[in-house]
> 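Okay, here's the structure, questions in a sec.
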Protein chains: 2
Amino acid sequence: MQRPQLIEVYNCLCDEKRLRIVHLLAQSPLCVCHLQDILGLTQVAASKRLAYLRQRGLVESRRHEQWMIYSLPAKRTRELDWQLRCLQDCLTTHPVFGDDLRKLKDRQSDCCWVAGVAGAALTASVRSSKSKLTSR
Amino acid sequence: MQRPQLIEVYNCLCDEKRLRIVHLLAQSPLCVCHLQDILGLTQVAASKRLAYLRQRGLVESRRHEQWMIYSLPAKRTRELDWQLRCLQDCLTTHPVFGDDLRKLKDRQSDCCWVAGVAGAALTASVRSSKSKLTSR
DNA sequence: GACCTATATGCACATGAAGGTATATTCCTG
DNA sequence: CAGGAATATACCTTCATGTGCATATAGGTC
């Protein structure tokens, strides 16, 4: 929504879970259920953290069928850009954050990841594989 | 003390006063009374924030005669370096932070600033001008 | 329309950080 | 050594924030 000033960016990133969310979204847009799954959060905890980030302009969301796809904003402030570069440089080798990336890879064939990245059309083949998601 | 990990750096910088302290110390080492003065903090508030930053490794302190001189650590982690570059790039034109720098300039002839920067010897001339500081 | 899945939000509670007061510590000066 | 200035810290109160539960909303399927 609003353009993030530096302090608000810092406020967003000073919580481990929020930082992991932004780090993941820097790789790819994701739906709530995947973030929830990768981070081991309850639905409420994931949703509230995403709302927190959205209200401060660090992430954007769009609905795609039954999923909300979260992504980093298309237009980024200089402040946010600095942080994204910093995460890229400082976190990829970190055990927890590296693990997150690995878990992300494992899920990149799932339907709502495809939906998130493709953005528009959801093919019949994807639609038929949706049952895979029902795991929690 | 300890080496600051990224989340701890963010925790330190997500408070406006702490961010202003780090921004000022990026320009020059300073004693507590100057930080207190520039930021308009009480003695306790300034001291507590500096303790917070010190415990997380973002600043170091050394005593010089009756003053504690705070400065950024000589050896900086990659995480901290990123943030210092970011502050440099994002804050200098910001009204509040720019103001701080101006106030800093005004005080650069004062005794404990000289003590902080020179570090070692405190000349007699400086010593005699100390009364300037007593303004709370 | 009934029901399911995915997601958001209001409410109540617990926890952590910030601010203030009082006090302790250290150094300096006479 | 007495007194003052600079700084730190313990204790208490207050306020913000995270968390869980219950519930609301929205889209999809049959």
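Computed over heavy atoms, backbone and side chain alike; hydrogens, waters and symmetry mates excluded.
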> Tell me the interatomic distance from B:E65, atom CD, to D:dT7, atom C1', rounded to whole angstroms.
15 Å
> Taking ring-ring contact (aromatic ring centres under 6.0 Å, His included) as the definition, give me every residue that meets it alongside B:Y52, ordered by chain and number, with sequence neighbours left out.
none
> Send over the distance from B:L30 CG to D:dA6 P, rounded to a whole Å.
15 Å
> Against the six-membered ring of B:W67, is B:R63 placed for a cation-pi contact (under 6.0 Å from the centre, within 45° of the normal)?
no
> Taking salt bridge (charged side-chain N to carboxylate O under 4.0 Å, His left out) as the definition, give me every residue that meets it alongside A:R18, ordered by chain and number, with sequence neighbours left out.
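A:R18 satisfies salt bridge (charged side-chain N to carboxylate O under 4.0 Å, His left out) with no residue once adjacent residues are dropped.
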> Between D:dA8 and B:Q43, counting only base atoms on the nucleotide and side-chain atoms on the residue, is there a donor-acceptor pair under 3.5 Å?
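In this structure, the two groups form a donor-acceptor pair.
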> Checking all strands, does B:V44 fall into the base, sugar-phosphate, or nothing category for heavy-atom contacts under 4.0 angstrom?
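Result for B:V44 = base.
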> Can you tell me how far P of C:dT25 sits from CE of B:M68, to the nearest Å?
16 Å
> I need the CG-P distance between B:D37 and D:dT7, as an integer number of Å.
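Taking CG of B:D37 and P of D:dT7, I get 11 Å after rounding.
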> Salt-bridged, B:D37 to B:K103, with N to O below 4.0 Å?
no
> If each of B:A46 and A:N11 is mapped to the nucleotide of DNA chain D with the nearest heavy atom, which maps nearer the 5' terminus, i.e. the 5' end?
B:A46
> Collect all protein-nucleotide pairs involving nucleotides 16-19 of chain C in which both atoms are nitrogen or oxygen and the distance is under 3.5 Å.
from, atom 1, to, atom 2, distance (Å)
C:dA18, OP1, B:R18, NH1, 2.5
C:dG19, OP1, B:R49, NH1, 3.2
C:dG19, OP1, B:R49, NH2, 2.8
C:dG19, OP2, B:R49, NH1, 2.9
C:dG19, OP2, B:R49, NH2, 3.2

> Would you say the side-chain atoms of A:R76 pair up with the backbone N or O of A:L84, donor to acceptor, closer than 3.5 Å?
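Judged by distance alone, no pair lies under 3.5 Å.
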> For A:Q83 and B:Y10, test the side chains for any donor-to-acceptor distance below 3.5 angstrom and give the result as yes or no.
yes
> Measure the distance from CH2 on B:W67 to C1' on D:dT7 and round it to the nearest whole Å.
13 Å
> Here's a test of your reading of the structure: between B:Y70 and A:R63, which maps to the more 5' nucleotide of DNA chain D?
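Upstream on the strand: B:Y70.
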> Could you tell me if B:R85 sits above the aromatic ring of B:W82, with its cationic atom closer than 6.0 Å to the ring centre and no more than 45 degrees from the axis?
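Yes; both conditions hold, so B:R85 lies above the ring face of B:W82.
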> If I take atom CD in residue A:E16 and atom P in nucleotide D:dG18, what distance separates them, rounded to the nearest angstrom?
14 Å
> How long is the line joining CG of B:L50 and P of D:dT7, in whole Å?
9 Å
> Calculate the interatomic distance between B:L35 atom CG and D:dT7 atom C1'; express it in whole Å.
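Value for this atom pair: 12 Å.
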